[in-house]
Amino acid sequence: HHNSSVALMMDGILVCAMQEERFTREKNFWGMPKASIQSVLDFAGIGVKDIDQIAFAGQRHSAHVNLTRDEHLKRLKNSVQMDLIDGIRGRSEVPVHLIFRRRINIMMRQGLQGFFFERDVKAMQKARRELLLEYFPRMVKLPISFIDHHTCHYSSAFYGGESIDEPVLVFTNDNQGDRLSASVSIAHPDGRREFLSKNQDRDSIGMLWGLVTLLMGFVPLEHEYKLMGMAPYASPESSRKVADAIANLFSFEEGVFKIKLRSVQSVINLQPIVDELYKIMRFQRFDSVCGGLQLFTEEALSQWIEYWISK
């Protein structure tokens, strides 16, 4: 997937990690980390025969290879251009028949989420296995696991710190992965994980950042940091105005964020919230938009964390 990378663990110790962009010279390279895999093996002085098992991050990830930035942007732009009226008026780059077909597809997926998720998982995992073995055929007999997206984030926090002798809270929050955008868990000293809360992918604050990044003409999954960099230039008053407008799009109940607007759209086709964000951003200075988004995020995540600490 995007930001392709690999890490090598030996006896529970992180020995080496590498990103494929270092070799391809393409920022956030999207594809199989072929050169990175070979580089960490060379660094450790081992070969494929010495590997015990392989773990892929994420259960459901596309197996697209070498997706360019332009292709990535086109897919994202098409995913939010779902308004039939815009299509009929010729204001959308997506043909009307394709918009209609995709809306029907989304309605079906919303009604049968479990079925389509499991079907996609099987197809994508099969494709990822085949892609790996295409590059490294000698790995054919190795056991391969696919680890849930937010379990990976949880593990990074839990195992990346010092050992614990009492239960601790672990939070994960990002764009989305494997149908979740956030989770709250209790990590126990013996390694047990106790789930307290899960936030659905379509109610994602991380996705909100991706959408604003896209609407401002930047590249989602890469240029969000530029919005963060512009945020301090906004006046407190203008940031407050935008933050309050964004906050009105969300509700916060029992420790979970939800987008108030509901329709047949899913997390990858958030037309209703795109329309609302456009109204909020129109005629606003770019730094005010960035400052408001940053302020809303800080306050929302603080509210979320404080709730679960108190709970």
Side-chain angles (χ1 to χ4, degrees), residues 1-63 65-66 121 124-125 128-129 131-178 180-195 206 221-222 224-225 305:
H1 216 257
H2 71 282
N3 210 260
S4 180
S5 57
V6 64
L8 177 66
M9 302 285 290
M10 297 178 69
D11 301 321
I13 304 297
L14 177 63
V15 175
C16 183
M18 183 60 67
Q19 288 180 285
E20 193 72 3
E21 66 176 29
R22 300 292 183 181
F23 300 97
T24 64
R25 312 305 297 167
E26 295 177 42
K27 189 65 179 173
N28 286 324
F29 174 80
W30 189 305
M32 180 61 66
K34 178 184 177 182
S36 297
I37 292 174
Q38 190 60 55
S39 76
V40 299
L41 294 177
D42 293 343
F43 178 86
I46 63 175
V48 171
K49 67 180 188 311
D50 301 305
I51 299 294
D52 298 315
Q53 58 179 319
I54 297 164
F56 275 100
Q59 294 182 335
R60 181 186 180 276
H61 264 314
S62 167
V65 183
N66 304 344
V121 163
M124 290 180 179
Q125 290 184 1
R128 291 164 83 187
R129 277 196 190 94
L131 191 58
L132 176 68
L133 297 178
E134 179 183 325
Y135 290 129
F136 297 94
R138 287 183 295 165
M139 292 184 176
V140 66
K141 293 184 178 180
L142 292 177
I144 297 177
S145 302
F146 295 87
I147 312 301
D148 172 76
H149 183 95
H150 279 267
T151 298
C152 291
H153 284 308
Y154 166 89
S155 300
S156 173
F158 180 64
Y159 294 106
E162 298 179 2
S163 59
I164 62 172
D165 54 13
E166 61 182 355
V168 297
L169 273 175
V170 179
F171 297 89
T172 72
N173 197 311
D174 73 346
N175 190 306
Q176 59 93 14
D178 291 331
L180 295 182
S181 61
S183 71
V184 185
S185 311
I186 295 177
H188 293 274
D190 60 5
R192 286 184 298 115
R193 181 186 185 187
E194 179 183 347
F195 268 112
L221 303 180
E222 182 178 336
E224 283 80 355
Y225 78 94
I305 290 172

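By convention here, the first residue in the shown sequence is residue 1.
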Inset, instruction - Any chance you could measure His149, atom NE2, to Thr172, atom OG1, to the nearest 0.5 Å? - result: 8.0 Å
Legend entry - Heavy-atom closest contact (Pro33 atom, Ser5 atom, distance): CG-O, 3.7 Å
Legend entry - From NZ (Lys141) to CG (Leu133), nearest 0.5 Å: 12.5 Å
Legend entry - Inter-residue atom distance Leu142.CG - Phe136.CZ, 0.5 Å rounding: 11.5 Å
Inset, instruction - Among residues two or more places apart or on two chains, list those pairs meeting side-chain hydrogen bond (donor to acceptor under 3.5 Å, both in side chains) that have a residue in residues 37-48. - result: Gln38-Asp42
Inset, instruction - For residues Gly58 and Cys152, report the shortest heavy-atom separation together with the two atoms involved. - result: N-SG, 4.2 Å
Legend entry - Considering all heavy atoms, the nearest Val40-Met18 contact: CG1-CB, 4.1 Å
Inset, instruction - Taking all non-hydrogen atoms of both residues into account, name the closest pair between Ile186 and Pro167 and its distance. - result: CG2-CB, 3.7 Å
Legend entry - Closest approach of Pro189 to Asp165 (non-hydrogen atoms, all atoms of both residues): CG-C, 3.6 Å
Inset, instruction - Show the numbers, then the answer: is there a side-chain hydrogen bond (donor to acceptor under 3.5 Å, both in side chains) between Asp174 and His150? - result: CA-CA 9 Å; Asp174 73 346; His150 279 267; 3.1 Å; yes
Inset, instruction - Inspect the surroundings of CZ in Phe195 and state if more than 12 heavy atoms from other residues, nucleotides or ligands are less than 6.0 Å away. - result: yes
Legend entry - Rounded distance [0.5 Å steps], NZ in Lys27 versus CD in Gln19: 7.0 Å
Inset, instruction - First locate atom CG of Leu8, then atom CD1 of Ile46, and finally report the distance between them rounded to the nearest 0.5 Å. - result: 5.0 Å
Inset, instruction - Evaluate the criterion side chain to side chain contact (heavy atoms under 4.5 Å, CB included) for residue pair Glu20 and Lys34; output intermediate values, then yes/no. - result: CA-CA 7 Å; Glu20 193 72 3; Lys34 178 184 177 182; 4.3 Å; yes
Legend entry - Partners meeting side chain to side chain donor-acceptor pair (under 3.5 Å) with Glu224 (sequence neighbours left out): none
Legend entry - Crowding at CZ, Arg193 (>12 non-hydrogen neighbours, <6.0 Å): yes
Legend entry - Sidechain-backbone polar pair: Ser145 side chain, Ala55 backbone, donor-acceptor under 3.5 Å: no
Inset, instruction - Start with the C-alpha gap between Tyr154 and Asp148, add the side-chain angles, then the distance that decides, and say whether side chain to side chain contact (heavy atoms under 4.5 Å, CB included) holds. - result: CA-CA 10 Å; Tyr154 166 89; Asp148 172 76; over 6 Å; no
Inset, instruction - Say whether, by atom type as modelled, one donor and one acceptor occur between the side chain of Glu21 and the main chain of Asn28 under 3.5 angstrom. - result: yes
Inset, instruction - Applying side chain to side chain contact (heavy atoms under 4.5 Å, CB included), run through Leu41 and Ile51 and close with a yes or a no. - result: CA-CA 9 Å; Leu41 294 177; Ile51 299 294; 3.7 Å; yes
Legend entry - Residues Ile37, Leu132; criterion side chain to side chain contact (heavy atoms under 4.5 Å, CB included); working and verdict: CA-CA 10 Å; Ile37 292 174; Leu132 176 68; 4.0 Å; yes
Inset, instruction - Count the heavy atoms belonging to other residues, nucleotides or ligands that lie under 6.0 Å from CG of Asp11, then report whether that count exceeds 12. - result: no
Inset, instruction - May I ask you to check if Arg128 and Phe146 form a cation-pi contact, with NZ or CZ under 6.0 angstrom from the six-membered ring centre and within 45° of the axis? - result: no
Inset, instruction - Can you measure from CH2 (Trp30) to OG1 (Thr24) and round to the nearest 0.5 angstrom? - result: 14.0 Å
Inset, instruction - Please report the shortest heavy-atom distance between Ala187 and Ile164, naming the atom on each side. - result: O-CD1, 3.6 Å
